[in-house]
Q: 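Quick one: the structure is below, and I'll ask about it shortly.
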Amino acid sequence: MNYQLPEIPREFRGVWIATVANIDWPTSPSDSFAKQKIDFLKLLDYYKSLNFNAVIVQVRAAGDAFYPSNLAPWSKYLTGKEGKAPETSENPLTWMIKEAHARGMEFHAWLNPYRATFDLKTELLSPSHDYNLHRDWMLKYGTKYYYNPGLPEVKSHLTSVIKELVTNYDLDAVHFDDYFYPYKVENQYFPDISTFNQFKSPGQTLEDWRRQNINDLIFAVHKTIEATKPWVQFGISPFGVWRNQDKDPKGSPTRAGQTNYDDLFADPITWMKNGWIDYLIPQVYWSMDYELASYRKLNDWWSNNSHQTNIYIGNGPYKIRDNADKAWDNPREIPDQISYTRTIPNVQGNAFFSAKSLLIKNQDVAQTLKNELYQETTLPPAFQPKTPAIIDIPLVLDITADQLLTKIHLEKPLDPAIRYALVQGANELVQLADSEIHPVWVGGMRARALEVSSLNTKYLAIRWIDHYGRIVQTQVYQVP
């Protein structure tokens, strides 16, 4: 029937679920997988109840994996011992993705590309860890080992890690955080001078060569994802300051102690200008008017330097009531930040570090967030395919309902590019738009029918969403 439903609002609302050092999940690596599943679902259900729509889950913390891999050992943060498989026939990552999708949440697989170890206890590493297989790739700096970003074989290996992940899993995005070249350790030099002398271009400085190495990886990962599954997004959450103004007039009015460009040799502006990434989440973990790096000023700066790339702001609720900056003692700091971000033209949402900071403590702040700012469900931003994608519009044959289930039968199998059916029911047409949304994940299944818990309503609305997040069609039916 011809009835127009309004557009669903779009806003990215993500949360980082950190696995390194068991920050958020699993609570303990010695827990059974059954207990770890309960804890993971608790996180998903909590953030779903706050109307979040994306989880950014760390699946590679330090040369390891939270999934069976030919390129890395199982993570000790999952099983207590690196290389030891979890005691289950289930693939943990497949399961996590399925549960996120069942709740209508995007799953962004977060990797630390260059961190090889979390400490210097190399005797605890699995024989299949790259430290043991490719010692020549490793550089010791501070209290960790790092993959040497200047080696072509490191770039090739890390690209293969991404290829394996994107090929085997129904991801919505691949996500890197802020660890490129490591944060500087006082009185220590990152030991890559011999690699620099081997691979530098004529006249190239060490700093420019390092930035080139990071750029090369970002470009290679972009091309790999595009060639494998072009609908999988590539996003990065760099440190919140690109450059300080005293180093570059194009930089932000900040005095950050270290910056992306000058210290981590990461240049997000180049990645955005070249279209190598789909979104950027700068980690702006400071208070609104913090003197050295103001949340307010950095929101403005990133909005003005977005280069047609989706910008979401990374927020730091882990600082609430736990920081030398007294602004964080105010429980309104985070709600005020989100309110400010919403006034900025080129910013489309927020992500929060990290999951436990609004669950284990600060639930009052989470509640304020929901009551004042996240009252309604939203969809994450959609993306345009780089090459036109022809998608078969689903045709509904009939709808049947009994006490338990409402079943939607289709004329032919769904196009694999259809990711979700968002189903709503109401007895009056005018109530449809405001009724509860039931997401049904159908990604890649070629389903002939789908079912939701019985809505027993006179009218049914179905929005079909493709894997770029676009609504390809909205259909409204009168249930017989």
Side-chain angles (χ1 to χ4, degrees), residues 18-22 29 57-86 91-93 109-169 171 174-183 185 188 190-196 198-199 210 212-221 224-225 228 236 264-266:
T19 57
V20 69
N22 299 101
V57 182
Q58 192 172 30
V59 300
R60 177 186 171 93
D64 55 5
F66 271 70
Y67 51 93
S69 171
N70 295 321
L71 301 166
W74 283 100
S75 175
K76 68 177 179 182
Y77 302 119
L78 184 65
T79 64
K81 183 177 194 291
E82 193 177 88
K84 179 184 172 208
N91 179 328
L93 183 52
W110 159 24
L111 302 91
N112 270 102
Y114 291 118
R115 183 167 64 204
T117 72
F118 200 62
D119 51 38
L120 297 175
K121 297 175 186 162
T122 52
E123 69 281 1
L124 299 178
L125 297 174
S126 156
S128 66
H129 189 285
D130 286 328
Y131 174 86
N132 290 316
L133 299 178
H134 303 283
R135 189 71 54 85
D136 55 322
W137 292 358
M138 300 291 148
L139 295 176
K140 179 171 170 267
Y141 183 66
T143 57
K144 298 178 176 67
Y145 280 93
Y146 295 89
Y147 288 86
N148 184 347
L151 293 176
E153 49 275 41
V154 163
K155 181 182 84 175
S156 164
H157 174 71
L158 294 175
T159 309
S160 299
V161 167
I162 302 299
K163 171 96 175 158
E164 179 187 61
L165 200 53
V166 173
T167 302
N168 293 337
Y169 297 95
L171 304 175
V174 167
H175 181 96
F176 289 173
D177 58 10
D178 55 322
Y179 293 97
F180 293 99
Y181 278 84
Y183 285 89
V185 178
Q188 284 202 32
F190 192 69
D192 61 349
I193 203 76
S194 61
T195 320
F196 167 63
Q198 185 182 353
F199 291 108
R210 285 177 175 171
Q212 183 64 49
N213 294 330
I214 303 296
N215 288 345
D216 288 348
L217 177 73
I218 302 303
F219 177 69
V221 169
T224 299
I225 295 171
T228 311
I236 297 183
L264 308 178
F265 307 103

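Given the structure is predicted, the values throughout are model-derived calculations rather than measurements.
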Q: Under the 3.5 angstrom rule, does the side chain of Thr19 hit a backbone N or O of Gln58 as a donor-acceptor pair?
A: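 Pair found, side chain donor or acceptor close to backbone of Gln58.
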
Q: I'd like to know if the side chain of Thr228 reaches the main chain of Lys163, judged simply by a donor and an acceptor atom lying under 3.5 Å from each other, with no hydrogens or angles considered.
A: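 Answer holds: no.
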
Q: Closest approach of Pro29 and Asn22, non-hydrogen atoms and distance?
A: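 Smallest heavy-atom distance, with atoms named: CD-OD1, 3.5 Å.
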
Q: I'd like to check the ring pair (Phe, Tyr, Trp, His ring centres under 6.0 Å) partners of Phe176; sequence neighbours left out, ordered by chain and number.
A: Phe234

Q: Could you pull out the closest heavy-atom pair between Glu164 and Asn70, with the gap in Å?
A: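 Between these two residues, the closest heavy atoms are OE2-N, 2.9 Å.
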
Q: Residues in ring pair (Phe, Tyr, Trp, His ring centres under 6.0 Å) with His129, at least two apart?
A: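 Counting only residues at least two positions away or on another chain, His129 forms no ring pair (Phe, Tyr, Trp, His ring centres under 6.0 Å).
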
Q: Show, in sequence, the C-alpha distance, side-chain angles and deciding distance for Arg135 and Asn132, and conclude whether the side chain to side chain contact (heavy atoms under 4.5 Å, CB included) test is met.
A: CA-CA 6 Å; Arg135 189 71 54 85; Asn132 290 316; 3.6 Å; yes

Q: Taking all non-hydrogen atoms of both residues into account, name the closest pair between Val161 and Leu111 and its distance.
A: CG1-CD2, 3.9 Å

Q: Measure across Pro113 and Leu158 and return the closest heavy-atom pair with its distance rounded to 0.1 Å.
A: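 Closest pair (atom of Pro113, atom of Leu158, distance): O-CD2, 3.4 Å.
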
Q: If the condition is ring pair (Phe, Tyr, Trp, His ring centres under 6.0 Å), which residues does Tyr147 pass it with, not counting sequence neighbours?
A: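 Tyr147 satisfies ring pair (Phe, Tyr, Trp, His ring centres under 6.0 Å) with no other residue.
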
Q: Rounded at 0.5 Å granularity, tell me how far OG1 in Thr117 sits from CG in Asp119.
A: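 Going from OG1 on Thr117 over to CG on Asp119, the span is 6.0 Å.
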
Q: Measuring only between side-chain heavy atoms, which start at C-beta, is Thr224 closer than 4.5 Å to Val166?
A: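 Side-chain contact under 4.5 Å: no.
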
Q: Please enumerate all residues that pass side-chain hydrogen bond (donor to acceptor under 3.5 Å, both in side chains) together with Ser128, with sequence neighbours excluded.
A: Ser126

Q: Of all residues at least two apart in sequence or in a different chain, which pass the side-chain contact (heavy atoms from CB on, under 4.5 Å) check with Lys81?
A: Lys84

Q: Which label fits Trp137 and His134: parallel for a plane angle under 30°, tilted from 30 to 60°, or perpendicular past 60°?
A: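 Answer is parallel, since the angle falls under 30°.
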
Q: Between Asp64 (side chain only) and Pro73 (backbone N and O only), is there a donor and an acceptor less than 3.5 Å apart?
A: no

Q: To the closest 0.5 Å, what do you measure between NE2 (His157) and CG (Asp130)?
A: 3.5 Å

Q: How long is the span from the CG atom in Leu139 to the CG atom in Leu151, to the nearest 0.5 Å?
A: 7.5 Å

Q: Closest heavy-atom contact between Gln188 and Gly142?
A: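 Of all heavy-atom pairs spanning Gln188 and Gly142, the closest is OE1-N, 3.1 Å.
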
Q: Kindly check if the number of other-residue, nucleotide or ligand heavy atoms within 6.0 Å of OH (Tyr179) is above 12?
A: no

Q: Going by salt bridge (charged side-chain N to carboxylate O under 4.0 Å, His left out), name the residues that satisfy it together with Arg115, two or more places apart in sequence or in a different chain.
A: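 With neighbours one apart ignored, the set is empty.
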
Q: Working note: Leu165 + Leu93, criterion side chain to side chain contact (heavy atoms under 4.5 Å, CB included); need CA distance, chi angles, decisive distance, verdict.
A: CA-CA 10 Å; Leu165 200 53; Leu93 183 52; 3.7 Å; yes

Q: Please report the interatomic distance CZ(Phe66) to OG1(Thr79), rounded to the nearest 0.5 Å.
A: 8.5 Å

Q: Would you check if Leu125 and Tyr145 make a side-chain contact, meaning some heavy-atom pair closer than 4.5 Å?
A: no

Q: Please examine the side chains of Asn91 and Tyr169, heavy atoms only from C-beta on, and report whether any two atoms are closer than 4.5 Å.
A: yes

Q: Identify, with sequence neighbours excluded, every residue that meets side-chain contact (heavy atoms from CB on, under 4.5 Å) alongside Ser156.
A: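 Partners of Ser156 by the side-chain contact (heavy atoms from CB on, under 4.5 Å) criterion come out as none, since no residue qualifies.
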
Q: What distance do Lys155 atom NZ and Asn148 atom CG have between them, rounded to the nearest 0.5 Å?
A: 13.5 Å

Q: Excluding sequence neighbours, so at least two apart, what forms salt bridge (charged side-chain N to carboxylate O under 4.0 Å, His left out) with Asp192?
A: Arg210

Q: Restricting to ring pair (Phe, Tyr, Trp, His ring centres under 6.0 Å), what partner residues turn up for Trp74, sequence neighbours left out?
A: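 For Trp74 there are no ring pair (Phe, Tyr, Trp, His ring centres under 6.0 Å) partners, ignoring immediate neighbours.
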
Q: Among all residues two or more places apart in sequence or in another chain, which pass the side-chain contact (heavy atoms from CB on, under 4.5 Å) test with Ala65?
A: Tyr67, Ser69, Ala72

Q: Can you list, pair by pair, the side-chain donor-acceptor contacts under 3.5 Å of residues 212-219, counting residues two or more places apart and other chains?
A:
from, atom 1, to, atom 2, distance (Å)
Gln212, NE2, Asp216, OD1, 2.7
Asn213, ND2, Tyr181, OH, 3.0
Asn213, ND2, Trp209, O, 3.3
Asn215, OD1, Trp271, NE1, 2.9

Q: With sequence neighbours left out, write down each residue that passes side-chain contact (heavy atoms from CB on, under 4.5 Å) with Pro182, or none if nothing qualifies.
A: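 By the side-chain contact (heavy atoms from CB on, under 4.5 Å) rule, Pro182 matches Tyr141, Tyr146, Phe190.
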
Q: At their closest point, which heavy atom of Pro127 faces which heavy atom of Leu133, and how far apart are they?
A: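 Reported closest heavy-atom pair: O-CD2, 3.6 Å.
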
